[in-house]
Amino acid sequence: MEILAFGVQADERPLIESAFAGHHEVRCLSVFLDEDTAPIAAGHEIISTSVNADLNPRVLQTLAAGGTQLIAQRSTGFNNIDLDVAERLGLTVARVSYYSPYSVAEFAWTLAMAVNRRIVRAATRTRDFDFRLDGLMGRDLRGRTVGVLGTGKIGEAFTRIAHGFGMRLLGWDVAENPACVELGMTYVPKEQLLAESDLVTLHVPLLPETRRLIDADALKAMKDDAILVNSSRGGLIDTAALVAELREGRFTGVGLDVYEAEAGLFFLDRSLEAVDDDTLARLVTFPNVLVTSHQAYYTEDAVGQIIDATVRNVLDYTAGRRSENVLVPRS
Ligand SMILES: NC(=O)c1ccc[n+]([C@@H]2O[C@H](COP(=O)([O-])OP(=O)(O)OC[C@H]3O[C@@H](n4cnc5c(N)ncnc54)[C@H](O)[C@@H]3O)[C@@H](O)[C@H]2O)c1
């Protein structure tokens, strides 16, 4: 059987092809799955999709009408999939429930340190043989306070590194993580975490109740010189409100690996087109803001684990086995 994989990056292609070798044929497409590309799936019982696929009801209907029965999503997050509609259409949807949380936690730290120590500005200057230090002053993190919103697998990995830096650890989550408590984390209400933290990092999933967790009020509650990092999902932050605060000169640095309107932008080369997203265009002009293109997970280790799990999801489906990775059918 030929599996059709959408949204495959050039680095990923050989890994996907060798992981499926001996099991199934796989055809890798660089285009993402959306309403325009969904008809390509016709005749493929099994497809695999990437994190920025748009699995809305119309796309799901096109897939079902074309004979697709399994969608193997190559990510943990599944906020891009209308699961109710998928289930109603009789589709099976599987995701990757676990892969290296260190990939994302280490990248969140990379963003935090890059904005704290002005690395992008420094590198731009030295390329131009400008070796002044003006405007490059950062801060020691030892003894400062980090606030971790969401202390699951990635939040815990982030916290372990913060512990290594010698930081005071504050956490906020619906459930306390004993490993974080053991590291010395104190769980506090969100408002207190925002008010006391020098570095705020987001690791909760995007859910109706977490959408715009960092809204205008939350931003106002933060210290003027705080660092904010989001490597979870763009919808956790009200980006327009963030731009408004940045215009006031607030925040030492903001590192964003995700953006609420990233679909149709991130993972693509849009450099030759007119910019039609004024919020993102403004955001990238602030010297204390660093935006990356949803690359936190993009390590050899994590991508290898994602692909291996996707192959297992396909083999489980063809063998009629159910695993914890199956999102729908729900039972
Ligand atoms: N940028 C990237 O490349 C990338 C890659 C992987 C994951 N992510 C994001 O990171 C998120 C976290 O991943 P994880 O593996 O740590 O997940 P996880 O499930 O291990 O942890 C999530 C934590 O959020 C908490 N939580 C859930 N709902 C909450 C709520 N309403 N209020 C407060 N806390 C709540 C949970 O209790 C849990 O501790 C994912 O959902 C995904 O959005 C981003």
Side-chain angles (χ1 to χ4, degrees), residues 7 9 11-12 49-53 73-81 83 95-112 114 147-162 169-183 185 187-194 200-215 218 228-237 254-260 262-263 265-267 290-307 309-310 324-325 327:
Q9 306 290 321
D11 302 323
E12 277 179 296
T49 50
S50 61
V51 69
N52 269 8
Q73 168 84 1
R74 301 192 304 280
S75 71
T76 39
F78 48 88
N79 51 289
N80 59 323
I81 309 173
L83 291 180
R95 60 147 178 172
V96 177
S97 53
Y98 179 86
Y99 63 83
S100 164
Y102 311 105
S103 60
V104 182
E106 290 173 13
F107 192 82
W109 268 112
T110 304
L111 288 176
V148 184
L149 293 151
T151 57
K153 293 181 285 298
I154 296 170
E156 179 189 324
F158 187 97
T159 302
R160 288 188 185 283
I161 300 170
L169 310 171
L170 296 182
W172 176 85
D173 198 300
V174 285
E176 294 192 3
N177 178 337
C180 292
V181 173
E182 200 162 305
L183 290 168
M185 177 171 272
Y187 281 84
V188 294
K190 182 179 100 175
E191 295 65 30
Q192 185 184 345
L193 180 149
L194 294 172
V200 173
T201 185
L202 309 182
H203 301 293
V204 289
L206 180 61
L207 302 167
E209 57 273 27
T210 58
R211 185 169 289 280
R212 304 228 158 143
L213 182 68
I214 303 298
D215 58 8
L228 173 64
V229 171
N230 186 9
S231 61
S232 187
R233 285 292 181 268
L236 296 174
I237 296 182
V254 175
L256 304 175
D257 185 49
V258 286
Y259 168 56
E260 55 185 331
E262 70 183 51
L265 287 172
F266 282 19
F267 303 152
L290 180 52
V291 177
T292 52
S293 184
H294 206 138
Q295 71 178 83
Y297 75 100
Y298 206 54
T299 64
E300 288 173 11
D301 313 77
V303 171
Q305 290 164 6
I306 289 168
I307 292 170
T310 302
E324 51 159 15
N325 285 348
L327 296 167

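Sequential numbering from 1 along the given sequence is applied to the chain's residues. Just follow the structure's listing: the first ligand is 1, and inside any ligand the first atom is 1.
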Residues forming a salt bridge (Lys or Arg N to Asp or Glu O under 4.0 Å) with E156, sequence neighbours excluded: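 Testing E156 for salt bridge (Lys or Arg N to Asp or Glu O under 4.0 Å), a comparison that skips the adjacent residues, returns R160.
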Heavy atoms from other residues, nucleotides or ligands near CD of E209 exceed 12 (cutoff 6.0 Å):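 Count over threshold, so yes.
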Would you be so kind as to tabulate the donor-acceptor pairs closer than 3.5 Å made by side chains of residues 99-108, with sequence neighbours excluded?
unit_1: S100; atom_1: OG; unit_2: Y102; atom_2: N; d: 3.2
unit_1: S100; atom_1: OG; unit_2: S103; atom_2: N; d: 3.1
unit_1: S103; atom_1: OG; unit_2: S100; atom_2: O; d: 2.7

Can you sort out the partners of R212 under side-chain hydrogen bond (donor to acceptor under 3.5 Å, both in side chains), two or more places apart, ordered by chain and number? E260
Between L183 and L169, is there a side-chain heavy-atom distance shorter than 4.5 Å?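 L169 vs L183: side chains touch.
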Between Y187 and V181, is there a side-chain heavy-atom distance shorter than 4.5 Å? yes
For ligand 1, list every N/O pair with the protein closer than 3.5 Å, one pair per line with the distance.
unit_1: ligand 1; atom_1: 1 (N); unit_2: S231; atom_2: O; d: 2.9
unit_1: ligand 1; atom_1: 1 (N); unit_2: D257; atom_2: OD2; d: 3.1
unit_1: ligand 1; atom_1: 3 (O); unit_2: Y297; atom_2: N; d: 3.1
unit_1: ligand 1; atom_1: 10 (O); unit_2: S232; atom_2: OG; d: 3.4
unit_1: ligand 1; atom_1: 16 (O); unit_2: K153; atom_2: N; d: 3.3
unit_1: ligand 1; atom_1: 16 (O); unit_2: I154; atom_2: N; d: 2.8
unit_1: ligand 1; atom_1: 20 (O); unit_2: K153; atom_2: N; d: 2.9
unit_1: ligand 1; atom_1: 20 (O); unit_2: K153; atom_2: NZ; d: 2.9
unit_1: ligand 1; atom_1: 34 (N); unit_2: V174; atom_2: N; d: 3.4
unit_1: ligand 1; atom_1: 37 (O); unit_2: D173; atom_2: OD1; d: 2.6
unit_1: ligand 1; atom_1: 39 (O); unit_2: G152; atom_2: N; d: 3.2
unit_1: ligand 1; atom_1: 39 (O); unit_2: D173; atom_2: OD1; d: 3.4
unit_1: ligand 1; atom_1: 39 (O); unit_2: D173; atom_2: OD2; d: 2.7
unit_1: ligand 1; atom_1: 43 (O); unit_2: S232; atom_2: OG; d: 3.3
unit_1: ligand 1; atom_1: 43 (O); unit_2: R233; atom_2: NH1; d: 3.4

